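Here's the structure, in structure tokens; my notes come after.
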Number of protein chains: 2
Amino acid sequence: MTLDNRKSKILESIIRDYVETAEPVGSRSVVRKHNLRISAATVRNEMADLEDMGYLEQPHTSAGRIPSEMGFRYYVDCMMQKETLDDSELELLQKILNENIGEWSDIVSKVGNFLSQVTNYASFVIVPSIKLSEFKNIQIIPIANGKAMLLVVTDVGVLMHRQIDIPTSIASEELQLIGKAFTRVLSGTRLEEMRRNELKALREDLKNRRKVIDKVLEAVDIMMQGSRDESVVISGALNILNEPEFKDLEKLKRILTILEEDVLLKQIIPDPISEEVNITIGKENKAEDIQEMSLVIAGYNNFGEMGKIGVIGPVRMEYWKAAGTVESLRNILDQVLSKKYF
Amino acid sequence: MTLDNRKSKILESIIRDYVETAEPVGSRSVVRKHNLRISAATVRNEMADLEDMGYLEQPHTSAGRIPSEMGFRYYVDCMMQKETLDDSELELLQKILNENIGEWSDIVSKVGNFLSQVTNYASFVIVPSIKLSEFKNIQIIPIANGKAMLLVVTDVGVLMHRQIDIPTSIASEELQLIGKAFTRVLSGTRLEEMRRNELKALREDLKNRRKVIDKVLEAVDIMMQGSRDESVVISGALNILNEPEFKDLEKLKRILTILEEDVLLKQIIPDPISEEVNITIGKENKAEDIQEMSLVIAGYNNFGEMGKIGVIGPVRMEYWKAAGTVESLRNILDQVLSKKYF
DNA sequence: GTTAGCACTCAACTGACGAGAGTGCTAACA
DNA sequence: TGTTAGCACTCTCGTCAGTTGAGTGCTAAC
């Protein structure tokens with residue numbers, strides 16, 4: 001169902017005003033602020049229609065109207081123009097990306113940070129586990145008496161580095177050999193296919209260095225555990241303190257708890273339907289805990305797996321700004337990460 | 001000035017009740033809850049005295065009394081018995097410490113987490129910059145075409161690992177040599193004494209590999225920047241949502257903002273007077289922003305520098321529990337970290 | 001189809017009032 | 001002299017009625 005031109009205009013005015021002020025919008029103020037060439041009474045008639053159709057609701061008879069979730073949905077689907085980053089924002093982004101970046105996980109957190117700053121909502125970036133990548137080589141570097149650094153390298157970069165204890169007697173060359181043996185066994189294996197029996201065989205082969213082997217196996221094990229989970233970076237959770245809809249302490253606590261806990265947040269963020277910007281509004285969200293929030297979320301390509309980036313905010317959200325910003329940053333992540341590391 | 005026995009008992013009762021309920025405490029409830037063998041009228045007289053002395057205050061004439069900051073101070077100085085961890089808590093702690101711990105920064109975050117869980121206040125652990133340690137060796141390990149891993153090892157462990165780009169032409173052996181050259185120049189140097197001119201000289205020496213040298217220098221530079229700052233781990237900031245004194249949104253926002261931002265928190269945490277447990281109550285805190293909070297803080301020995309661990313909560317704090325827990329964890333950190341890494 | 005006008009509705013604010021908790025003071029008691 | 005019972009007093013808090021103002025829906029005229 002599509003609305004006629006005037007109804008659309010009125011709906012949009014109400015949405016804009018309501019998003020800005022968080023107050024019900026009356027007929028007079030629609031006419032005044034957006035200087036439409038019609039009278040308040042006409043607007044009232046139209047508003048009554050829009051309410052009948054389900055796009056507006058009235059908190060009580062003598063209040064103005066607020067957009068219903070269906071109203072926001074209509075706006076998002078049929079009218080919204082994504083608002084792109086303005087010059088000063090682009091400049092800031094450039095600056096951030098040019099800063100010295102060590103590991104690429106830095107990029108993720110910086111982009112997330114930027115997203116929450118620009119939109120004033122909480123942002124999240126979910127980095128998928130990298131199942132698809134292959135072991136490339138394993139190195140064991142002595143760094144001190146009884147200590148060594150284990151490096152596990154995959155085709156997308158260094159997957160793990162971890163200190164391990166080693167017998168003090170062992171020579172640097174031998175460590176190299178052990179590393180090579182591991183590399184031989186694991187090289188080309190996909191992470192998710194790593195077979196325990198192969199590793200066991202290795203353990204038999206190198207019987208006399210079993211202690212080191214065990215340490216390495218233990219470390220690799222921990223690494224596998226870690227890489228099995230996707231990781232989450234959250235920024236700007238405190239932005240919701242500024243939203244009047246969360247002045248209620250209980251609500252606030254519920255939402256902040258979710259936003260603080262990676263685990264909870266991961267459960268709540270759905271897979272976006274496509275890599276394009278997806279918007280879910282209020283009750284459209286499956287997870288009960290965020291049915292008074294909206295999500296703007298997009299997928300990005302992270303070494304063959306889909307990562308997610310987005311913002312979470314009140315239903316009364318500046319969708320135009322959020323959608324535009326998420327889209328831009330999605331593209332930037334795609335672009336940055338498409339420069340494969342090796 | 002010290003209080004007679006009965007006054008002490010009454011003060012303690014009021015503190016206990018007030019900490020628990022956050023409500024002014026009346027004379028009747030003091031008698032009832034702590035079955036003292038005296039009447040409410042007597043207690044009222046004593047309470048009037050305590051108020052005159054400044055240990056109690058009255059929000060308004062017809063309300064009960066609440067302890068003043070001076071009252072808390074007296075309690076903390078003259079009466080408090082630190083409450084140690086109970087069996088189930090100790091068990092939990094053991095479990096946490098036995099879990100697989102990779103880098104020792106994991107310990108810090110786990111201990112911090114435990115501290116906030118047990119006390120129900122926000123906890124922080126500040127890890128000092130490690131100025132005193134010495135460079136031990138520097139290694140450059142090729143991990144792929146055009147990529148290498150730089151390891152900088154000091155006498156307290158691996159200080160930094162960082163990927164760097166290298167020319168694809170360069171041989172693994174040559175990287176080793178470059179690493180050794182760096183090691184020669186830097187070995188035994190204290191971090192804070194690292195001299196730029198020595199590094200420049202090195203750059204001249206290895207003219208033909210200047211690109212690599214520059215990359216390494218750049219990375220070392222970043223590392224030095226990073227190590228110059230102490231790092232902070234915060235846990236359980238959301239605990240203050242449960243404190244009735246912060247039901248005011250503005251207050252809440254102010255405090256949470258500080259608790260979320262490492263930088264802000266660092267500015268606010270004073271150096272403890274000694275390594276022992278220090279308590280600062282409300283306005284005793286120099287930093288204005290936390291003059292309605294109390295700090296319980298202790299120092300711990302972190303490779304020769306003083307680290308800090310503590311909790312931050314409302315003035316109406318369970319000091320006995322907080323002080324005991326902070327003390328225990330301080331000792332544990334001391335103990336764990338005293339096993340020098342090399 | 002649009003608009004002016006008007007009666008109507010309802011949340012939010014205001015002030016009055018009573019209940020309840022707790023005090024301070026006084027007088028009696030041990 | 002210290003302790004206690006009793007009582008008048010104070011102050012907050014919740015409730016309730018009255019008022020205000022924003023905004024609506026409806027009707028009649030344009």
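Computation of the quantities below employed the complete heavy-atom set of this structure, encompassing side-chain atoms and omitting hydrogens, waters and symmetry-equivalent molecules. Here is how names work: the chains are called A, B, and so on, in the same order as the sequence lines, proteins then strands, and each is numbered from 1. In this text, all values refer to a predicted model and were calculated from it rather than measured experimentally.
Summarising the local packing, CD of Glu91(B) is surrounded by 12 or fewer heavy atoms from other residues, nucleotides or ligands at distances under 6.0 Å. Residue Asp52(A) qualifies as enclosed at atom CG: its count of foreign heavy atoms under 6.0 Å is above 12. The local environment of NZ in Lys9(B) is sparse, with at most 12 non-hydrogen atoms from other residues, nucleotides or ligands closer than 6.0 Å.
Shown are Lys7(A), Arg44(A), Arg65(A); of these, the salt bridge (Lys or Arg N to Asp or Glu O under 4.0 Å) with Glu51(A) is made only by Arg65(A).
At a cut-off of 3.5 Å, with distance as the only test, a side-chain donor of Asn242(A) or Lys253(B) sits close to an acceptor on the other residue. Residues Thr42(A) and Ser39(A) bring a donor and an acceptor atom of their side chains to less than 3.5 Å of each other.
Atom pair Lys7(B):NZ and dT3(D):C1' shows a separation of 13 Å (rounding to whole Å applied). Counting to the nearest Å, the C1' atom of dG25(D) and the CD atom of Glu46(A) are 15 Å from each other. Rounding to whole angstrom units, CG of residue Leu36(A) and P of dT3(C) are separated by 11 Å. Here the C1' atom of nucleotide dG22(C) and the CG atom of Asp17(B) are 15 Å apart, to the nearest Å. Atom CG in Asn45(B) sits about 12 Å away from atom P in dT26(C), given to the nearest Å.
For Ile38(A), the listed nucleotide lying nearest its side chain is dT3(C); candidates were dA5(D), dT3(C), dG6(D). Closest to the Ala41(A) side chain, of the nucleotides dT23(C), dT3(C), dT4(D), is dT3(C).
Outside the 6.0 Å centre-distance limit, the rings of Tyr75(A) and Tyr319(A) are not counted as a close aromatic pair.
The phosphate of dT3(D) (OP1 or OP2) has a side-chain N or O of Arg6(B) nearer than 4.0 angstrom. Between Arg44(B) and dC7(D), a side-chain N or O to OP1/OP2 separation shorter than 4.0 Å is absent. Proximity of Thr42(B) to the phosphate of dG2(D): no side-chain N or O atom is located under 4.0 Å from OP1 or OP2.
Contacts between residues 57-69 of chain A and DNA chain D, defined by a heavy-atom separation under 4.0 Å, are made by Gln58(A), Thr61(A), Ser62(A), Ala63(A), Gly64(A), Arg65(A).
The partner of dA28(D), taking Watson-Crick or G-U wobble pairs whose two distances both stay under 3.5 Å, is dT3(C).
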